Amino acid sequence: MEIILLGSSGSIGLQTLDVVRRHKILIKGIAAKSNVQTLELQAREFSPRYACIYDESCYADLKTRLADTKTEVLCGKEGMCELAAVGCGMVVNAVVGMAGLEPTLAAIESGTDIALANKETLAAGGELVMKRASEKKVEIIPIDSEHSAIFQCLAGNNKNDLTKIILTASGGAFYGYNKDKLKTVTKKQALHNPNWDMGAKVTVDSATLMNKGLEFIEAVRLFGVKPEQIEVAVHRQSIIHSAVEFADGSVIAQMGVPDMRVPIQYALLYPARPESGVNRLSLTDTGLLTFEKPDEDTFSCLSAAKKAADMGNNACAVLNAANEAAVGAFLEDKLEFFRISELVNNTLENVKANKKVTLQTIFEDSNAAIEYVKGQIK
């Protein structure tokens, strides 16, 4: 197995490299946004044929650092798409944000299977991506713990017998808060997830429940179900990663300790299940498992995502872009936490999504959503 890893310096990327080391998987190419130092160290450790830095201003620095190696240095969006399309056993897309969409499509066009951790690919462009993947006979294996769980639960079963998906959520950092209390939270609090080690943007999305909203949309696309066939359950312990219900009333769940190396390894080595090195689950030590309905009134990003999924067309692209812009502003201390959901909902109401879904209209509508959010931040 030889892979290309996009987003190698992020949380999922670093954990993917843990799996690579354990199972001696070959790396053909790596890519990161702007972390030149980490990319250099990774290139020296794994000797990839290609290394790509997305931020073009970092290109000269990386090229100088790797001048004594055989690694070819690429840069920018074009470089990342070129890397995704060079051909290998699998492309792992662990890029954060809309930057992951075009490399996914490039990998599909090259006929390369994809291990997908980039939510925005399916949240914004899922209809386009899944259609093209089907045409090119490319398999997309999810890395998100919830979608990996669903994928595993469906293995060996007739998909036509699937009646419901139960998508679990940790509840994020502000579980149990009301609207008034959310007005006083800090960035430091928002960047603390009770169970998972994730990057800043995804952690904030978890705190607003937008992470679950994007996963809701992803599940619709990945598994070909209707929005009304998905139930979200807040499960604070993060032991059951998701479950599926079949026509006979049986419910099959995938369980384990919260560790992203398990779904990453499953995607890379599917269908094999070798030793992963993660801690083992003890149900008796874990004790009580709880499940509750999410508070969609307080955490209205989730209800907005459901609405966008029902609307179809490019509404999900508008939702995703509005959230990306609002979270970015929050992380830059330009926006209060509670206003993220407010701006996402307002954008969905005020930016008219294009009914024709193409790569061009996805970016047009996304840009319109971003500009709307920027105009609302004062």
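All of these numbers come straight from a predicted model, not from anything done at the bench.
The two residues A369 and A321 make their nearest non-hydrogen contact at CB-CB, 3.9 Å. When all heavy atoms are compared, the tightest approach of A368 to V351 is CB-CG1, 4.0 Å.
Comment: E215 engages K119 in a salt bridge, judged by a side-chain N to carboxylate O separation of less than 4.0 angstrom. A salt bridge is defined here as a Lys NZ or Arg NE, NH1 or NH2 lying under 4.0 Å from an Asp or Glu carboxylate O, and D18 with R21 meets this definition. The pair D310-K306 fails the salt-bridge criterion, with no side-chain N (NZ, NE, NH1 or NH2) lying under 4.0 Å from an Asp/Glu carboxylate O. A salt bridge is absent between K201 and E324; no separation between the charged side-chain nitrogens and carboxylate oxygens falls under 4.0 Å. Salt bridge status for K131 with E135: present, with a side-chain N to carboxylate O gap under 4.0 Å. Ion pairing between a basic and an acidic side chain is recognised when a charged N comes within 4.0 Å of a carboxylate O; R221 and E120 show no such pairing. A salt bridge links R44 with D68; the closest basic N to acidic carboxylate O contact falls under 4.0 Å.
Ring pair Y266/F151 is perpendicular by interplanar angle, where above 60° counts as perpendicular and below 30° as parallel. Relative ring orientation between H235 and F291 is described as parallel, the plane-to-plane angle staying below 30° on a 0-90° scale split at 30° and 60°.
For T104 (side chain) and G100 (main-chain N/O), a donor-acceptor pair under 3.5 Å exists by modelled atom type. Checking side-chain atoms of T168 against main-chain N and O of I240 turns up a donor-acceptor pair under 3.5 Å. H241 places no side-chain N or O within 3.5 Å of a backbone atom of S148 that could act as its donor or acceptor partner.
V36 and L66 fall within the same hydrophobic cluster, where Ile, Leu, Val, Met, Phe, Trp and Tyr residues are linked whenever their side-chain heavy atoms come under 4.5 Å apart, directly or through other members. Under the 4.5 Å side-chain heavy-atom criterion for ILVMFWY residues, no single connected hydrophobic cluster contains both V138 and V95. Under the 4.5 Å side-chain heavy-atom criterion for grouping Ile, Leu, Val, Met, Phe, Trp and Tyr, L162 is connected to M130 within one hydrophobic cluster.
Counted by atom type alone, D205 and N323 present one or more donor-acceptor pairs between their side chains at under 3.5 Å.
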Test side chain to side chain contact (heavy atoms under 4.5 Å, CB included) on R339 and F330 and set out the steps. CA-CA 9 Å; R339 289 200 63 207; F330 169 71; over 6 Å; no

Step-by-step side chain to side chain contact (heavy atoms under 4.5 Å, CB included) determination, E72 to L74: CA-CA 7 Å; E72 181 180 343; L74 308 172; 3.8 Å; yes

Could you walk me through whether I217 and L122 pass side chain to side chain contact (heavy atoms under 4.5 Å, CB included), step by step? CA-CA 7 Å; I217 297 167; L122 293 182; over 6 Å; no

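Tested against I264 for a side chain to side chain contact (heavy atoms under 4.5 Å, CB included), the candidates L17, L269, I12 yield a single pass: I12.
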